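Here the structure is a predicted model, which means the values were calculated and not measured. All values below come from the heavy atoms of this structure, side chains included, with hydrogens, waters and symmetry mates left out.
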Number of protein chains: 2
Amino acid sequence: MKLTSKGRYAVMALVDLAKFNNINPVSLRDISLRQGISLDYLEQIFAKLRKKEIVQSVRGTQGGYILNKKAKEIKLTNIFEAVDEKVKTVQCKKESKKGCNGKPVKCLTHNLWDELESHINNFFNKKSLDDLVKDNEEKSV
Amino acid sequence: MKLTSKGRYAVMALVDLAKFNNINPVSLRDISLRQGISLDYLEQIFAKLRKKEIVQSVRGTQGGYILNKKAKEIKLTNIFEAVDEKVKTVQCKKESKKGCNGKPVKCLTHNLWDELESHINNFFNKKSLDDLVKDNEEKSV
DNA sequence: AGATACTTGACTATTTTAGTCGGGTTTATA
DNA sequence: TATAAACCCGACTAAAATAGTCAAGTATCT
C-alpha cells in the first residue's frame with residue numbers, strides 16, 4: 001500500500017506554491033528547482049490541478065500559478081482527487097451494491113476495507129494546505 | 001493509493017480459515033473455492049504466513065492449515081507484514097535521518113507522510129482477526 | 001499404491017508508474 | 001516587434017510492480 005509520487009509531488013508543489021504565493025505567480029520552474037521535481041512532470045500535475053480549479057494559471061513571461069482558493073479551504077482530499085490519487089481498498093465494484101466478484105453476498109472483508117477507506121479519507125479531509133504551511137513555519141522557527 | 005490483492009487475499013483467506021478452524025485443518029483448495037482466489041497464488045501467500053508463524057501447516061491427505069495463534073492475537077499489521085504489504089508514504093530513506101532526496105533538510109511534507117503512515121498503521125494495529133470474524137457473524141445473524 | 005495436500009522456485013503477461021519528448025500558444029518587456 | 005519566459009497539450013516509453021501461472025516435487029492419510 002503506497003502513495004504514488006504524483007500525489008506526493010502535487011502536495012509538495014502546492015505547499016511550496018502556498019509559501020511563495022504573495023503577489024506574484026510562482027513559476028513551475030522555480031518549484032521544480034526548489035523541490036527537485038521534473039518540470040515536465042510538474043506541468044502534467046498542474047494541468048490537473050487547474051482543471052479542478054485548485055490553482056489558476058498566468059501565462060506569459062513572469063507568469064506562473066497562483067492558488068485559486070484560500071489555503072485553508074484546500075483539503076488534501078481535493079488535491080488527491082485532482083491528480084487521480086484515489087484511495088482504493090476494494091476491488092469489488094460499487095455499482096453492484098450488494099455482492100462482490102459476481103457473488104450474491106458481500107465478501108467476508110468488505111466492511112473492513114470500507115472502514116479503512118473512510119479512516120484514510122478522514123485524515124485527508126481534516127488536513128488543509130494551510131495546516132501544512134503552518135506546520136512548516138513552526139519547524140523552521 | 002491502493003491495497004494490493006496480495007494483502008487483501010491474505011486477510012480474506014485468514015478470516016475464512018478462522019471461521020472454519022475448529023478441529024480440522026482447512027485446505028487451501030477449500031479456501032480457493034469459497035473465496036475465489038487462485039490456488040497457486042494462495043500457496044504463495046500461505047508460504048509467507050507460515051514463515052511468520054501466523055499459520056501452521058499439516059501435510060498429507062486431510063491436511064491444510066490451522067492458525068498458529070489465537071485469532072485475537074493476530075492483528076492486521078502482522079498479516080500485512082507477513083505478505084510484504086508495507087504502508088509506504090515516503091520515498092526518502094530512513095537511514096539519512098535528517099534530509100530527504102539528498103538535501104540537508106527534510107522535505108516540506110515529510111512530517112505529513114509520517115503522520116499518515118502512523119494513522120494507517122494505527123488502524124491495522126487495532127483490528128484483530130477475531131474482530132473480523134465477529135463482525136462477520138453479526139452480519140449473518 | 002494412490003490421492004490429497006503442502007512446498008518450492010522459476011517464469012511471464014499485464015498494468016501502472018514515472019516520467020520524457022516535441023511541438024505548440026501567450027504575454028511581458030527590452 | 002522580437003525574444004524569451006512561461007504555460008499548454010498529447011503522444012510516447014522504460015522500468016517496476018502486480019498478479020498470477022506452471023512444473024516438479026515431498027509428505028501423509030487411507
Q: Would you say the side chain of A/Met1 lies within less than 4.5 Å of the side chain of A/Ile120, judging by non-hydrogen atoms?
A: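 Result yes, sub-4.5 Å side-chain heavy-atom pair found.
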Q: Please compare B/Val26 and A/Lys2 by the position of their nearest nucleotide in DNA chain C and report the one closer to 5'.
A: B/Val26
Q: Among D/dA4, C/dC6, C/dT20, which nucleotide has an atom closest to any side-chain atom of A/Thr61?
A: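 The closest nucleotide is D/dA4.
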Q: Quick one: does A/Phe20's side chain get under 4.5 Å of A/Asp30's, heavy atoms only?
A: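 No, their side chains stay 4.5 Å or more apart.
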Q: Nearest of C/dG19, D/dG20, D/dC7 to any side-chain atom of B/Tyr9?
A: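 Nearest to the side-chain atoms of B/Tyr9, counting from C-beta on, is D/dG20.
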Q: For the pair B/Asp84 and B/Lys48, find out whether any cationic side-chain nitrogen is under 4.0 Å from an anionic carboxylate oxygen.
A: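 Counted as a salt bridge, because a side-chain N and a carboxylate O are separated by less than 4.0 Å.
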Q: Has the side chain of B/Arg59 got a donor or acceptor that lies under 3.5 Å from a partner of the other kind on the base of D/dT26?
A: yes
Q: Side chain of A/Thr4 only, please: which of C/dC6, D/dC9, C/dA18 is the nearest?
A: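 Given the options C/dC6, D/dC9, C/dA18, the side chain of A/Thr4 is closest to C/dA18.
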Q: Without decimals, in angstroms, what is the distance between B/Gln44 CD and C/dC6 P?
A: 15 Å
Q: When the distance from OH of A/Tyr41 to P of C/dG22 is rounded to whole Å, what number comes out?
A: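 Taking atom P of C/dG22 as the reference, OH of A/Tyr41 is at 19 Å.
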Q: Just say parallel, tilted or perpendicular for the rings of B/Tyr9 and B/Tyr41, cut-offs at 30° and 60°.
A: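 Because their plane-to-plane angle is over 60°, the rings of B/Tyr9 and B/Tyr41 count as perpendicular.
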Q: Are there over 12 heavy-atom neighbours, none belonging to B/Glu53, within less than 6.0 Å of that residue's CD?
A: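 Count not over threshold, so no.
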Q: Nearest whole angstrom, please: distance from the C1' of C/dT16 to the NZ of B/Lys6.
A: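 These atoms are roughly 16 Å apart.
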Q: Report which part of the nucleic acid A/Tyr65 touches: base, sugar-phosphate, or nothing (heavy-atom distance under 4.0 Å, all strands).
A: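 Sugar-phosphate only.
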Q: So, under a plain 3.5 Å distance rule, would you say the side chain of B/Glu85 forms a donor-acceptor pair with the base of D/dT18?
A: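 When only heavy-atom distances are counted, B/Glu85 does not reach the base of D/dT18 through any donor-acceptor pair under 3.5 Å.
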Q: OP1 or OP2 of C/dT17 sitting under 4.0 Å from any side-chain N/O of A/Arg8?
A: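 No, A/Arg8 has no side-chain N/O under 4.0 Å of OP1/OP2 on C/dT17.
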Q: Are OP1 or OP2 of C/dT4 and a side-chain N or O of B/Arg29 less than 4.0 angstrom apart?
A: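 Indeed not, no polar side-chain atom of B/Arg29 lies that close.
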Q: Ignoring backbone atoms, test whether A/Ser38 places a side-chain nitrogen or oxygen under 4.0 Å from the OP1 or OP2 oxygen of C/dT20.
A: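 Yes, such a contact exists.
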Q: Can you tell which of C/dC6, C/dT8, D/dC7 lies closest to the side chain of B/Ser57?
A: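 So the nucleotide nearest the side chain must be C/dC6.
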Q: So, does the side chain of A/Glu43 form a donor-acceptor pair with the base of C/dT20 at under 3.5 Å?
A: no
Q: Could you check which of C/dT20, D/dC8, C/dA5 has an atom nearest any side-chain atom of B/Ser27?
A: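 Closest nucleotide to the B/Ser27 side chain: C/dA5.
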Q: Looking at every strand, decide which applies to A/Gly60 at a 4.0 Å heavy-atom threshold: base, sugar-phosphate, or nothing.
A: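 If one applies the 4.0 Å heavy-atom cut-off, A/Gly60 turns out to touch a base.
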